[in-house]
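In what follows, a structure is listed as structure tokens, so that the remarks can point back to it.
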Amino acid sequence: MALFCSSVIKRALVPKLTRKLGECHLHTCASTCAAAPPDNVRYSWLSAAGGGAVDLTKDDASGLAVLTLNNPERLNAVTGHMMLQLGDIVNDLKEWKNGKALIVRGKGRSFCPGADLNMVYNMLDSKQGREMCSFMHRTLTELHRLPLISVAAIDGPAIGGGAELCTATDFRVMTERADIKFVQALLGIVPGWGGGTRLTRLVGRTRALDLLSSGRTIRPEEAVEIGLASWIIPTGRDVVEATTEWLQRYTRGRTEVVRAVKNVVVAGTELPVEEALAKEAEQFVNVWGGPAHVEAILKSMKHKK
Ligand SMILES: CCCC(=O)SCCNC(=O)CCNC(=O)[C@H](O)C(C)(C)COP(=O)(O)OP(=O)(O)OC[C@H]1O[C@@H](n2cnc3c(N)ncnc32)[C@H](O)[C@@H]1OP(=O)(O)O
């Protein structure tokens, strides 16, 4: 694997690493990282790590939004500035009542090779590590919970934090040139953006341990086989167009029904059973007798093959 480390970065990194070796910050980090920060915390120091952008287009008519990681010179590595933008975009999508679906993609030949290493090597301080981890935890957890059917369209490498990001959507579709690698352990860390937890739930304990401990490459065929990805995009297709078409099997219904289904699944996976059942009942009542329900009854819809 081209585990990347340019000479510039090595020069910046070595003195910092040497300084860090005598210090143990693992315990404070491990005991506090899991706690999400309060909603209003934005960690303004992240904005100093500039470059790149996260773009969002929303189409009210179709209910489809496309989120693009736009930092192609660094293969869409996520800078601090992009983390803050991603947080704002997730907040915006939470309020988008016409939304049904979200495609997350990277610009150009890559999905995302994780955090911007130029930034990472300048923030080996445990406080900053904890804050970055908390911010991304919260943002990706909220992305995962959005009442939209979300899919990561992976066309190139999804590495480190990029692999974690792609577990924050409901589905993953991949082109033949895509791969996913959880390289964190090879870098002396573990997933910190919630991707370890999500991966374990997606593929099970043994497979997650294999993938997270080895940092090995997951090719599209294997990703489909283990249930990590749902579809391989045929070569030559436009990725967003093909993914939009693929998504239609889930989004052709009315907005309120698509969103209610997602809410039921989020509750079913994240809440204790009694609360999940109550949430399901609430969603049922919301759509019962609604336009989609009445229309289906009037059509005497049958469900033969
Ligand atoms: C805190 C959360 C945990 C993390 O996410 S830590 C980050 C983990 N990610 C990595 O270690 C991935 C490092 N990158 C690589 O292994 C390779 O670049 C990769 C993705 C396999 C692609 O290899 P190639 O196709 O050969 O392309 P390349 O290496 O020449 O890269 C093209 C330009 O992109 C840059 N780049 C790639 N990954 C980056 C990153 N994470 N942060 C900052 N810059 C990054 C790379 O430096 C190069 O830029 P330049 O042309 O040298 O100016």
Side-chain angles (χ1 to χ4, degrees), residues 1-13 16-17 20 25-26 29-30 33-34 43 45-46 48-54 69-84 86-87 104-141 143 152 154-168 174-199 211-219:
M1 177 183 55
L3 242 198
F4 144 105
C5 206
S6 75
S7 54
V8 176
I9 284 173
K10 272 187 191 147
R11 272 200 302 278
L13 178 61
K16 286 184 191 209
L17 279 182
K20 283 277 152 194
H25 56 264
L26 282 178
C29 187
C33 260
Y43 302 124
W45 63 265
L46 282 169
V54 184
L69 300 172
N70 183 353
N71 190 10
E73 295 77 24
R74 298 181 197 169
L75 302 184
N76 307 317
V78 184
T79 62
H81 167 68
M82 289 167 72
M83 289 177 190
L84 293 174
L86 187 61
V104 177
R105 64 184 280 258
K107 185 165 183 179
R109 69 176 177 96
S110 168
F111 180 74
C112 172
D116 180 359
L117 290 170
N118 303 291
M119 173 184 89
V120 168
Y121 293 141
N122 282 311
M123 47 162 279
L124 289 172
D125 172 77
S126 66
K127 179 170 179 284
Q128 286 182 317
R130 182 161 62 241
E131 289 179 355
M132 188 266 288
C133 158
S134 301
F135 186 82
M136 288 303 284
H137 247 167
R138 189 183 75 217
T139 299
L140 296 189
T141 300
L143 171 63
I154 309 170
D155 181 24
I159 302 185
E164 295 194 55
L165 169 62
C166 81
T167 62
M174 299 171 76
T175 61
E176 281 290 358
R177 69 175 176 175
D179 53 40
I180 303 176
K181 278 186 245 194
F182 292 87
V183 298
Q184 286 83 342
L186 305 179
L187 296 171
I189 55 174
V190 294
W193 295 359
T197 303
R198 289 189 296 270
L199 180 71
L211 300 174
L212 295 176
S213 304
S214 66
R216 68 181 178 80
T217 301
I218 313 161
R219 300 278 309 132

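In each ligand, atom 1 is the first atom listed, and ligand 1 is the first ligand listed. Count residues from 1 along the sequence.
Considering backbone and side-chain atoms together, R109 places an N or O closer than 3.5 Å to an N or O of ligand 1. Every N/O-N/O distance between G160 and ligand 1 stays at or above 3.5 Å.
At least one donor-acceptor pair closer than 3.5 Å links the side chain of R198 to the backbone N or O of W193. No donor-acceptor distance shorter than 3.5 angstrom exists from the side chain of Q184 to the backbone of L212, with no hydrogens or angles considered. Judged purely by atom type and a 3.5 angstrom limit, N71 uses its side chain to pair as donor or acceptor with the backbone of A77. T79 places no side-chain N or O within 3.5 Å of a backbone atom of G52 that could act as its donor or acceptor partner.
Proximity to A77 (heavy-atom distance under 4.0 Å) selects the following atoms of ligand 1: 40 (C), 41 (N), 42 (N), 43 (C). Counting atoms of ligand 1 from 1 in the listed order, those under 4.0 Å from a heavy atom of M132 are 1 (C). Near N118, the atoms of ligand 1 lying under 4.0 angstrom from a non-hydrogen atom of the residue are 43 (C). Atoms of ligand 1 found under 4.0 Å from any heavy atom of G161, numbered from 1 in the order shown, are 3 (C), 4 (C), 5 (O). Close contacts between ligand 1 and G114 involve ligand atoms 5 (O) [criterion: under 4.0 Å to a heavy atom].
Among I159, D116, N71, the residue whose heavy atom lies nearest to atom 21 (C) of ligand 1 is I159. Ranked by closest heavy atom to atom 10 (C) of ligand 1, the top entry among G162, G52, P113 is P113. The option from P72, A115, G129 that lies nearest to atom 41 (N) of ligand 1, judged by heavy atoms, is A115. Closest heavy-atom approach to atom 28 (P) of ligand 1 among the candidates V190, L75, V183: L75.
At a heavy-atom cutoff of 4.0 Å, ligand 1 is contacted by no atom of V78, backbone or side chain.
Here the shortest heavy-atom pairing between A158 and I154 reads CB-CG2, 4.1 Å.
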Might you work through the side-chain contact (heavy atoms from CB on, under 4.5 Å) test for M174 and I180, ending with a clear yes or no?
-> CA-CA 9 Å; M174 299 171 76; I180 303 176; 3.7 Å; yes

Evaluation steps, side-chain contact (heavy atoms from CB on, under 4.5 Å), between M119 and M83 | CA-CA 12 Å; M119 173 184 89; M83 289 177 190; 3.4 Å; yes

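K181 contributes atom NZ, which lies 10.0 Å from atom CZ of R219 (distance to the nearest 0.5 angstrom).
Note on ligand 1: E73 sits in its first shell, one or more heavy atoms being nearer than 4.0 Å.
Take T139 and apply the side chain to side chain contact (heavy atoms under 4.5 Å, CB included) test, not counting sequence neighbours, and it matches L86, V90, F135.
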